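This chain uses plain numbering: 1 for the first residue, then up along the sequence. What you are looking at is a predicted structure, and each value in this text was computed from that prediction instead of being measured.
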Amino acid sequence: MTSGLWELVLKGIWVTVQLLVFSALLAAAVSFVVGIARTHRLWIVRFLAGFYTEVFRGTSALIMIFWVFFVLPPAFGWQLVPMWAGTLALGLTYGAYGSEIVRGALNSVDPAQREGGIALSFSPWQRLRLILLPQAVPEMIPPFSNLLIELLKGTALVSVMGMGDLAFSGNLVRLALQESAEIYTYILLIYFVIAFLLTRVMRGLEKRLKAGLGRVPEGGGKKLPAPRPETTAVGAEAAGGR
């Protein structure tokens with residue numbers, strides 16, 4: 001390929017990375033808000049969070065991109081640029097999947113940990129912040145890593161809006177060179193490299209978080225028991241309130 005075509009591919013990589021970062025941040029925020037809401041004590045909060053999850057899990061991400069880009073703006077009299085339309089559609093869609101990860105991780109925490117927080121007269125927010133999340137977040141990392149890889153592959157869908165991401169740029173290069181096998185092989189390898197780097201980062205984050213709880217990730221040794229509430233930050237909080 002010529003330098004100009006390589007420059008086009010590099011621009012596509014940069015657009016894909018930006019879209020991945022923006023949509024991943026939105027998806028993470030949605031995951032935690034909706035996932036925590038699904039464990040709320042009020043049924044109406046759980047119902048609304050569950051309704052959102054089912055709607056976005058049950059619709060196509062591609063059609064959601066079309067809807068956000070072509071249907072939603074005219075209804076409100078404004079137009080979204082492709083980057084933000086893609087971010088909104090992907091973030092909301094994959095955030096619905098992530099909310100189930102958060103809900104499952106929170107519910108997997110030993111009930112004795114919750115009871116310990118109640119015994120210490122912690123508010124629901126204190127129990128969530130000091131007891132549940134510190135133990136649940138490390139368990140979220142492996143499924144979140146898989147979801148992040150799926151989100152990376154989902155970014156290719158924005159090419160239908162004419163957005164110059166990696167998939168769109170690769171197709172332009174293919175048309176210019178009339179060479180499908182070579183170009184698409186390069187694109188596959190680029191996606192693989194990005195996914196591999198994301199996996200390494202997430203695995204390192206998992207080890208770091210579990211080390212803070214005295215645990216070892218799978219394959220790294222025996223998993224130690226979860227710390228009791230009074231031996232973690234809970235103890236400091238309780239001591240300060242006495």
Side-chain angles (χ1 to χ4, degrees), residues 8-40 42-106 140 143-175 184 187 190-191 194-195 198 202:
L8 182 62
V9 172
L10 291 176
K11 287 182 179 179
I13 295 174
W14 175 236
V15 171
T16 293
V17 170
Q18 289 184 85
L19 179 61
L20 175 64
V21 171
F22 295 147
S23 55
L25 290 175
L26 177 58
V30 171
S31 297
F32 277 94
V33 171
V34 177
I36 292 172
R38 296 204 66 187
T39 65
H40 201 274
L42 296 178
W43 73 268
I44 186 63
V45 177
R46 297 196 304 271
F47 172 79
L48 292 175
F51 179 77
Y52 166 85
T53 301
E54 294 303 324
V55 168
F56 279 87
R57 286 198 310 172
T59 54
S60 166
L62 178 61
I63 302 303
M64 186 60 65
I65 290 175
F66 280 136
W67 195 84
V68 170
F69 189 64
F70 295 109
V71 178
L72 187 62
F76 292 92
W78 40 259
Q79 181 65 50
L80 283 172
V81 298
M83 173 64 77
W84 300 121
T87 296
L88 185 62
L90 293 174
L92 293 178
T93 299
Y94 285 89
Y97 291 97
S99 67
E100 282 295 280
I101 296 174
V102 174
R103 182 190 64 83
L106 289 175
M140 301 177 194
F144 266 141
S145 179
N146 290 333
L147 190 62
L148 187 60
I149 301 304
E150 290 299 319
L151 177 56
L152 169 64
K153 293 185 285 188
T155 58
L157 297 174
V158 302
S159 60
V160 299
M161 298 185 293
M163 187 174 170
D165 71 313
L166 177 57
F168 186 82
S169 300
N171 192 49
L172 291 181
V173 174
R174 181 190 67 84
L175 293 174
Y184 283 138
I187 300 303
I190 292 172
Y191 274 112
I194 298 175
L198 290 174
M202 295 297 286

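Of the residues listed (T87, L19, L166, I194), the one engaging T155 in a side chain to side chain contact (heavy atoms under 4.5 Å, CB included) is L19, and it is the only one.
With values rounded to the nearest 0.5 angstrom, Q18 atom CD is found 11.0 Å from S23 atom OG. In this structure, OH in Y97 is found 9.0 Å from CG in L147, a value given to the nearest 0.5 Å. With rounding to the nearest 0.5 Å, the separation of CZ in F69 from CG in L80 is 8.0 Å. A distance of 9.0 Å separates CG in L157 from CZ in F66, rounded to the nearest 0.5 Å. Atom CG in L48 sits 8.0 Å away from atom CH2 in W43 (nearest 0.5 Å). With values rounded to the nearest 0.5 angstrom, E100 atom CD is found 7.0 Å from E54 atom CD.
Side-chain contact check for I65 versus L90: some heavy-atom pair is nearer than 4.5 Å. When side chains are defined from C-beta on, L152 counts as touching T16, because their heavy atoms get closer than 4.5 Å. Counting heavy atoms from C-beta on, the side chains of V15 and M83 come closer than 4.5 Å. By the 4.5 Å heavy-atom criterion applied to side chains, N171 and S159 are not counted as neighbours. The shortest side-chain heavy-atom distance between V160 and F168 does not fall under the 4.5 Å cut-off. Residues L72 and W67 have side chains in contact (heavy-atom distance under 4.5 Å, counting atoms from C-beta outward). Counting only heavy atoms from C-beta outward, the side chains of L148 and M202 approach each other to under 4.5 Å. In this structure the side chain of I190 reaches within 4.5 angstrom of the side chain of V9, judged on heavy atoms.
R46 pairs by the salt bridge (charged side-chain N to carboxylate O under 4.0 Å, His left out) definition with nothing, not counting sequence neighbours.
Listed here is the closest heavy atom pair of G170 and I187: CA-CD1, 3.9 Å. Nearest heavy-atom pair across A156 and Y191 is CB-OH, 3.7 Å. The minimum heavy-atom distance between V102 and S31, with the atom names listed, is CG2-O, 3.6 Å. Closest approach of A49 and R38 over heavy atoms only: CB-CG, 3.5 Å. Nearest heavy atom pair, residue T53 against residue S99, reads OG1-OG, 3.3 Å. The nearest pair of heavy atoms linking A195 to I149 is O-CD1, 3.5 Å.
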Exercise for the section: Using the side chain to side chain contact (heavy atoms under 4.5 Å, CB included) rule, take V68 and M64 through it: C-alpha gap first, then chi angles, then the decisive distance, then the call. Expected result: CA-CA 6 Å; V68 170; M64 186 60 65; 4.3 Å; yes
- Begin with the C-alpha distance, continue with both residues' side-chain angles, and end with the deciding distance and a verdict on side chain to side chain contact (heavy atoms under 4.5 Å, CB included) for V30 and F56. CA-CA 12 Å; V30 171; F56 279 87; over 6 Å; no
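Classification of the F51-F47 ring pair by plane angle, with boundaries at 30° and 60°, yields parallel.
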